[in-house]
Structure formats: structure tokens, C-alpha cells
J.: 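There's a structure below that I have some questions on.
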Amino acid sequence: MNNLELNKIYCESNLDTMAKMPDNFVDYVLTSPPYNVGNNKMVETKYNNYTDDLDDYFNNQKNLINELLRVTKKHIFYNIQMLGNNKVDFLNLLGHFKDKIKDIIIWQKNMIPHIEAGVLSSSFEFIIIFSNDRPEKKKFYDGNFRGNFGNVIKTLNSHSNPFAKKHKAIMPLDIPRMIMQKFGKCNDIWYDPYMGTGTTALSALMEDRQYVGSEVSKEYHKLSKDRLKPYLDQLTMF
């Protein structure tokens, strides 16, 4: 395990963190990579995966997903929105990993009007489920549901974001919490290679799971630690 600690967010490249992991080290991955648009382009230092060509979003994410598949026992929940700057690369990723895609969840949100004429307004995002657990089958053998969990998740965009000035696109807590409730069991290890402000880690704490995270941005790393501290302090009291 190379001294890798559980319930810790590492301030380093996700590839550096995963290099410390043996095969099948984590049970699940839940993450939302940068979408390669605006301030979230892969060329930004805070999203550096140490690839040879940071403009090459496809190869950047292909290398990431390959390594995630190596270290993960079950499933990778990969949240992404298809936009102008990532559309071709995103579709190429789906084709490249077609044999590892078990299913796709649609995260339906309030419609966000597009300011440019002739462009469809966006009202959903994808959660691609890459899997090592019989990906050719639709059945989830670790699923905690029977007829009561659909492949369309509806949420509002009005969730509280205490970090809006620093990070405008955090995932609402009810999404990862719901996924953790529906898959696996207590004390499973969930990894997030783009931890951001700590949403996956906080969800893991709330759902009695363990976590490991990577975040190259020192600013986001501090935000996530500050966000988790009250919950970790509360746990140590009991």
C-alpha cells in the first residue's frame, strides 16, 4: 500500500496517488473531471495530470480511466457534461471504453439557458458507469435496490454552495450520497481523483464509507480539509 492512508485527501496529482495503490485497492470511484471548457480546461495547472500534452483531453482522460480501472474493484461513477470543447473527446472515450461501460445515469437539472442563438440549452449531465464487475451485464450484483432506483436522477440547481466564489460547479451532496446508499456497504473505500472541495469525502463520512482523494490545487485542498473538519471532529468525540 506504500503508506497510503485512508480517509485522507492527498494534495498531489491523481496519477501520483494511484501509483501508491495496488490493483483493486478501492471499491468504488466517484468523480467529476474538469470538462475542458472555460476555467476548467485541462491546461490549467490545478488540473495537471502530468501528461506529455495537456491540450490532449482524450489521452489525459484515457490514461486516468485506465488507471482507475486498475485500482478499482467494482465501478467508476464518472460525471461529465458534453460541451463544445469536449464533445469529440468525450464521444471517443465512450467508444474506447465501450467494453467497460456497464450503464449510464442521466443527472437531470434545471435547464441552464444558453446565451448564444441556435445552441440547445443544457438540462442534464452524464454519469458514466465504467465497471470491472461484469460490465457486459446490466445487472449490478452489488446494488442495494430492486425496482426503486432509476437511471434518471433529478435534482435542482439550488443546492447550497458555500464555495461559490472559489468553485462554482460543485456537485450537490444528494447525488454522491444517493449513489453510495445504492451501491456497496459500510466501510467500502471510495476514491475521488478530482476531490475539489471535498464533496465525495463528505458524502463518504455521512454514509459510513471510507475515502481517499487527490487534489492538486492547494486552495481546493485547504477548502476540502476545512469543510471536513467539523465532521471529523464530531466522529472523534464518540
Side-chain angles (χ1 to χ4, degrees), residues 1 4-21 24-35 40 42 44 46-50 60-61 63-81 93 105 107 125-132 153 159 161 163 166-184 186-229 231-232:
M1 196 168 69
L4 189 71
E5 297 180 40
L6 296 181
N7 302 317
K8 179 175 179 177
I9 302 172
Y10 287 83
C11 189
E12 63 186 12
S13 161
N14 44 48
L15 295 182
D16 287 345
T17 305
M18 286 188 284
K20 305 170 189 174
M21 297 180 184
N24 304 316
F25 176 69
V26 303
D27 296 288
Y28 299 93
V29 171
L30 195 156
T31 194
S32 184
Y35 297 171
N40 285 329
M42 293 302 296
E44 296 290 336
K46 64 187 178 184
Y47 294 124
N48 187 346
N49 262 357
Y50 300 106
N60 185 285
Q61 290 301 287
N63 293 339
L64 172 79
I65 295 168
N66 276 328
E67 189 67 351
L68 290 174
L69 286 166
R70 180 187 70 79
V71 303
T72 306
K73 294 176 186 174
K74 295 288 187 178
H75 317 305
I76 299 163
F77 297 88
Y78 180 90
N79 165 229
I80 192 166
Q81 188 173 20
L93 284 171
I105 294 173
W107 169 16
E125 297 190 18
F126 295 99
I127 301 177
I128 312 298
I129 307 175
F130 302 100
S131 182
N132 283 318
I153 299 175
H159 61 279
N161 181 1
F163 311 108
K166 301 290 186 181
H167 194 314
K168 297 183 182 299
I170 70 170
M171 181 182 288
L173 274 169
D174 54 349
I175 296 292
R177 291 191 68 182
M178 180 187 302
I179 291 173
M180 290 179 186
Q181 290 164 9
K182 298 300 184 182
F183 295 91
C186 292
N187 292 319
D188 280 343
I189 303 170
W190 289 71
Y191 174 57
D192 190 341
Y194 297 104
M195 186 59 84
T197 59
T199 300
T200 298
L202 181 54
S203 299
L205 289 175
M206 291 178 166
E207 298 301 330
D208 295 321
R209 270 63 171 165
Q210 301 185 86
Y211 66 87
V212 177
S214 305
E215 178 51 57
V216 293
S217 165
K218 292 181 180 179
E219 181 181 33
Y220 287 175
H221 183 255
K222 183 179 185 306
L223 281 174
S224 64
K225 290 182 66 176
D226 292 345
R227 186 182 187 188
L228 295 177
K229 189 176 185 305
Y231 294 88
L232 292 171

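Along the sequence shown, residues carry numbers from 1.
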J.: Taking all heavy atoms of L69 and all of N132, pick out the closest pair and write down the distance.
T.: O-ND2, 2.7 Å

J.: Is R209 reaching over with its side chain to a backbone N or O of W190, donor-acceptor style, under 3.5 angstrom?
T.: no

J.: Ignoring hydrogens, what is the shortest heavy-atom contact between L68 and P193? Give both atom names and the distance.
T.: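 For L68 versus P193, the nearest heavy atoms are CD2-CG, 4.1 Å.
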
J.: What are the two closest non-hydrogen atoms of Q210 and N7, and how far apart are they?
T.: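 For Q210 versus N7, the nearest heavy atoms are CA-OD1, 3.3 Å.
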
J.: A side-chain contact here means heavy atoms from C-beta on lying under 4.5 Å apart; do L4 and F25 qualify?
T.: yes

J.: Would the number of heavy atoms belonging to other residues, nucleotides or ligands and lying under 6.0 Å from NZ of K222 be above 12?
T.: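 It does not: K222 NZ has 12 such atoms or fewer within range.
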
J.: Just wondering, do Y211 and L202 contact through their side chains at under 4.5 Å, heavy atoms?
T.: no

J.: For residues T72 and Y191, determine if any side-chain heavy atom of one lies less than 4.5 Å from a side-chain heavy atom of the other.
T.: no

J.: Are F77 and F183 close enough that their ring centers fall under 6.0 Å?
T.: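 Ring centres of F183 and F77 closer than 6.0 Å.
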
J.: Would you say the side chain of E125 lies within less than 4.5 Å of the side chain of M171, judging by non-hydrogen atoms?
T.: no

J.: Decide yes or no for R227 and T199: does some side-chain heavy atom of the first lie under 4.5 Å from some side-chain heavy atom of the second?
T.: yes

J.: What pair of heavy atoms forms the shortest contact from Y194 to E215, and how long is it?
T.: C-OE1, 4.0 Å

J.: What distance separates R70 CZ from M18 CE, expressed to the nearest 0.5 Å?
T.: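 So the gap between those two atoms works out to 8.0 Å.
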
J.: Which distance, rounded to the nearest 0.5 Å, do you find between the NE2 of H221 and the OG1 of T197?
T.: 12.5 Å

J.: Quick one: CD1 on I175 to CD1 on I127, what's the gap to the nearest 0.5 Å?
T.: 5.5 Å

J.: Would you compute the distance between atom CG of L30 and atom CZ of R177 and round it to the nearest 0.5 angstrom?
T.: 13.5 Å

J.: How long is the span from the CG atom in D27 to the CE atom in M180, to the nearest 0.5 Å?
T.: 11.0 Å

J.: Using a 4.5 Å cut-off on heavy atoms from C-beta on, say whether the side chain of D188 contacts that of K74.
T.: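 No, too far: nothing below the 4.5 Å cut-off.
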
J.: Nearest 0.5 Å please: distance from the CD1 atom of I128 over to the CD1 atom of I76.
T.: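 The CD1 atom of I76 is 12.0 Å from CD1 of I128, to the nearest 0.5 Å.
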
J.: Testing F126, W107, F130 one by one against Y78 for a ring pair (Phe, Tyr, Trp, His ring centres under 6.0 Å), which residue passes?
T.: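 Single ring pair (Phe, Tyr, Trp, His ring centres under 6.0 Å) partner of Y78 among F126, W107, F130: F130.
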
J.: So, for V212 and E5, which heavy atoms are closest and what is the spacing to 0.1 Å?
T.: CG2-O, 4.0 Å

J.: Do the side chains of K229 and D226 get nearer than 4.5 Å, heavy atoms only?
T.: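 Sidechains of K229 and D226: no contact.
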
J.: For residues T31 and T200, determine if any side-chain heavy atom of one lies less than 4.5 Å from a side-chain heavy atom of the other.
T.: no

J.: Would you confirm whether S32, through its side chain, and N79, through its main-chain N or O, come within 3.5 Å as a donor-acceptor pair?
T.: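 Yes, S32 side chain to N79 backbone: donor-acceptor pair under 3.5 Å.
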
J.: Looking at G198 and L228, what are the two nearest heavy atoms and their distance?
T.: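 Smallest interatomic distance, heavy atoms only, reads O-CD2, 4.1 Å.
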
J.: Give the ring-plane orientation class for H75 versus Y28, where under 30° counts as parallel, over 60° as perpendicular and anything between as tilted.
T.: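 Because their plane-to-plane angle lies in the 30° to 60° range, the rings of H75 and Y28 count as tilted.
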
